[in-house]
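Below, chains carry the letters A, B, ... as their sequence lines are ordered, and counting in each starts from 1. If you're wondering where the values come from, they're calculated on a predicted model, not measured in any experiment.
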Amino acid sequence: MEYILHIVFLIAGLVASYWGVKQIMSFRLSTRLLNICIASFCKTKQLERAEVVIIDGIRLGVLPDVVTYNTLIDAYCRIISIDAAYSILHRMREAGISPDVITYNCLLAGASRKCLLPQSLDLFEEMLQVGIPPDVWSYNTLMHCFFKSGKPDEAYRVFRDIILSNLSPCPATFNIMINGLCKNGYTDNALGLFRNLQRHEFVPQLVTYNILIDGLCKAGRLGAARRILKELGDSGHQPNAITYTTVMKCCFKSRQFEQGLEILSEMKNKGYTFDGFAYCTVISALVKNGKIKEANDCMEQMVKNGIELDLVSYNTLINLYCKGGKLEEAFKLVDEIEKGGLDCDKYTHTIIIDGLCKAGNIEGAQRHLSYINTLGYDSNLVACNCVIDGLCKAGYVDNAMKMFERMEIRDSFTYTSVVHNLCKAGRFRCASKLLLSCIKGGMKILNSTQHAVLDGLRYSGFTSEARKLRTKIRLARLFH
DNA sequence: CTAGGGTTAG
């Protein structure tokens, strides 16, 4: 397709350069074609090709316009970096083309996608300064960025600004709002806003339904999610692949593995195309349920269908290799990530650390943990939990305890791991102390672990301690 | 041009 467009563009460009009389007409026509061609290359991440077309165009007298540069800026934000996009902005100004509101919106979206709140605010400020008034999409994007940065109050303030100003909100404004509320734990408010909007003749889009279904599923409110799914069916919209992936993921999460697989086959039967999201959902669920063979088959399918691997897909596959005991294969993929110009993230490292632990290489895991601590990730709680559990399972309960004490943040996983393994080592009184501080901290602990402590105390003769612990647990629960 | 689904530990 791109090649055809390229050729069409060249012909149009040639026509334009030779058709002197109707130069203006032709110029417009060929610039439009140029832009279509550029957009096409950008969409397929072929930025070098897009640049070549621009050079070709200039040679033929077809000059890029503001749309050309906006398309490029958006693509550079997505594919390379915001800084790279800024250099396009610079080039644009040098070419004598002034940025417009869309130029800024592209940059804003780029910052928002990477959760760069300060940069978003700066851009917003800059828009006002250079006299390009933000439009409703600028506000939408800023609101989105606040939500993504975990600042729902600020996001809500932007929402109010939109409603109270002359800008009219668009459907996306409400979708971003509903999604942001869900993602920040305000599922009820999201549902309330949804109902309120419906009373005001807002017609929910498919996206709106998908957002709500996902939000309700993640909040564990399966009944409400089912109702919205039913409403989606009654609305005249057809569920799409995203709806299916969302519901499937929800089944896996709520431990309805078989039902999830049923949705998978329904998706296949109805001819929905599988993308990376769908494959990753299924592969992770299979791995979690110990079905390595099936997960491998699924991966094969994924590769055969030519799915381009992004970081999340790589992480999913690395996890599959680790859990399947193929560490070398996992490390090969890590190399592939880095060679492809991507950066490993905290998921990649955590998966590797857990893989090393599970393979019995605790020293390697600890080394990798100290290595990532130098990389400046804000939280390595999951990775720490992996190492703690690994130490325990390898018989180094004391080392695990030392690490446990050093940790500033602990969660339910940390406690469960340590308490469970203290029980296995017969150290029930120590386990009992930690169990209690876990519950007092308002954290859950696996029922089986709690029982291990109580039973352990009883069997080793500490019957009254066991009874006291039960009372204390009940008391502590009352306050949470 | 901008909004929705996928990855880690007990």
Donor-acceptor list for residues 430-439 of chain A side chains, cut-off 3.5 Å, not counting sequence neighbours:
| from | atom 1 | to | atom 2 | distance (Å) |
| --- | --- | --- | --- | --- |
| A:S437 | OG | A:K433 | O | 3.3 |
| A:S437 | OG | A:L434 | O | 3.0 |

Would you list the atom pairs, donor with acceptor, under 3.5 Å between side chains in residues 347-357 of chain A and any protein atom, with sequence neighbours excluded?
| from | atom 1 | to | atom 2 | distance (Å) |
| --- | --- | --- | --- | --- |
| A:T348 | OG1 | A:N315 | OD1 | 2.8 |
| A:T348 | OG1 | A:D345 | N | 3.0 |
| A:T348 | OG1 | A:D345 | O | 3.4 |
| A:T348 | OG1 | A:D345 | OD1 | 2.8 |
| A:H349 | ND1 | A:H368 | NE2 | 3.0 |
| A:T350 | OG1 | A:K346 | O | 2.6 |
| A:D354 | OD1 | A:K358 | NZ | 2.7 |
| A:D354 | OD2 | A:K323 | NZ | 3.1 |
| A:D354 | OD2 | A:K358 | NZ | 3.2 |

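Between B:dA3, B:dG10, B:dG6, one nucleotide has an atom nearer to the side chain of A:Q205 than all others, and that is B:dA3. Comparing atom distances between the A:R113 side chain and each of B:dA9, B:dA3, B:dT7 picks out B:dA3 as nearest. Closest approach to the A:V382 side chain among B:dG10, B:dT7, B:dT8 is made by B:dT8 (side chain taken as heavy atoms from C-beta onward).
Following rounding to the nearest Å, A:W137 (CH2) and B:dA3 (P) show an atom-to-atom distance of 6 Å. Rounded to whole angstrom, the span from the OH atom of A:Y314 across to the P atom of B:dT8 amounts to 18 Å. Put simply, CD1 on A:I38 is 12 Å from P on B:dC1, counting in whole angstrom units. Rounded to whole Å, atom P of B:dG5 lies 14 Å from atom CG of A:D310. B:dG5 atom P lies 11 Å from atom CG of A:N175, rounded to whole Å. Rounded to an integer number of Å, the gap from CE of A:M403 to P of B:dG10 is 14 Å. Taking atom CG of residue A:N105 and atom P of nucleotide B:dC1, one finds them 12 Å apart after rounding to whole Å. Taking atom CZ of residue A:F174 and atom P of nucleotide B:dA3, one finds them 17 Å apart after rounding to whole Å.
The ring-ring contact (aromatic ring centres under 6.0 Å, His included) search around A:Y186 returns none, not counting sequence neighbours. When the ring-ring contact (aromatic ring centres under 6.0 Å, His included) test is applied to A:F413, no partner is found at least two apart in sequence or on another chain. Legend: residues meeting side chain to side chain donor-acceptor pair (under 3.5 Å) with A:Y76, ordered by chain and number and at least two apart, are A:E51.
Put simply, the side chain of A:L191 reaches to within 4.5 Å of the side chain of A:I228, judged on heavy atoms.
Contact annotation: A:K183 side-chain N/O to B:dG5 OP1/OP2 distance is under 4.0 Å. For B:dT7, neither phosphate oxygen OP1 nor OP2 lies less than 4.0 angstrom from any side-chain nitrogen or oxygen of A:K346. Phosphate contact (OP1/OP2 of B:dT8, side-chain N/O of A:N319, threshold under 4.0 Å): present. At B:dA9, one or more side-chain N or O atoms of A:K323 fall inside 4.0 Å of OP1 or OP2 (strictly under the cut-off). The side chain of A:K358 places an N or O atom within less than 4.0 Å of a non-bridging phosphate oxygen (OP1 or OP2) of B:dG10.
Using a 4.0 Å heavy-atom cutoff across all strands shown, A:I102 reaches at least one base atom of the nucleic acid. In this structure, A:H420 reaches neither bases nor backbone, as no heavy-atom distance under 4.0 Å exists between it and the strands shown. Using a 4.0 Å heavy-atom distance criterion, A:K288 is classed as a sugar-phosphate-only contact. Residue-level contact check: A:L206 touches the bases, meaning some heavy atom is under 4.0 Å from a base atom. Within 4.0 Å of A:S138, counting heavy atoms only, lies no atom of the nucleic acid at all. Backbone-only contact: A:D74 has heavy atoms under 4.0 Å from sugar-phosphate atoms and none from a base. Among the protein residues, A:N421 comes within range of no part of the nucleic acid, since none of its heavy atoms lies under 4.0 Å from any strand.
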Ring pair (Phe, Tyr, Trp, His ring centres under 6.0 Å) between A:F124 and A:Y139: does it pass, once the steps are laid out?
CA-CA 9 Å; A:F124 213 81; A:Y139 280 96; 5.1 Å; yes
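Aromatic stacking of A:Y347 on B:dT8: not satisfied for centres closer than 5.5 Å together with planes under 30 degrees.
In terms of polar N and O atoms assigned as donor or acceptor, the side chain of A:T316 never comes within less than 3.5 Å of the base of B:dT7 in a complementary pairing. Residue side chain A:T245 does not reach the base of B:dG6 through any donor-acceptor N/O pair under 3.5 Å, judged by distance alone. Scanning atom types as modelled, no donor and acceptor separated by under 3.5 angstrom connect the side chain of A:S417 and the base of B:dG10. Under 3.5 Å, the side chain of A:S313 and the base of B:dG6 form at least one donor-acceptor pair of N or O atoms.
A:R91 forms no cation-pi arrangement with A:Y69, by the criterion of a distance under 6.0 Å to the ring centre and an angle within 45° of the ring axis.
Comment: A:D398 engages A:R427 in a salt bridge, judged by a side-chain N to carboxylate O separation of less than 4.0 angstrom.
For the contact set between residues 272-285 of chain A and DNA chain B, defined by any heavy atom under 4.0 Å, the members are A:D275, A:G276, A:F277, A:C280, A:T281, A:S284.
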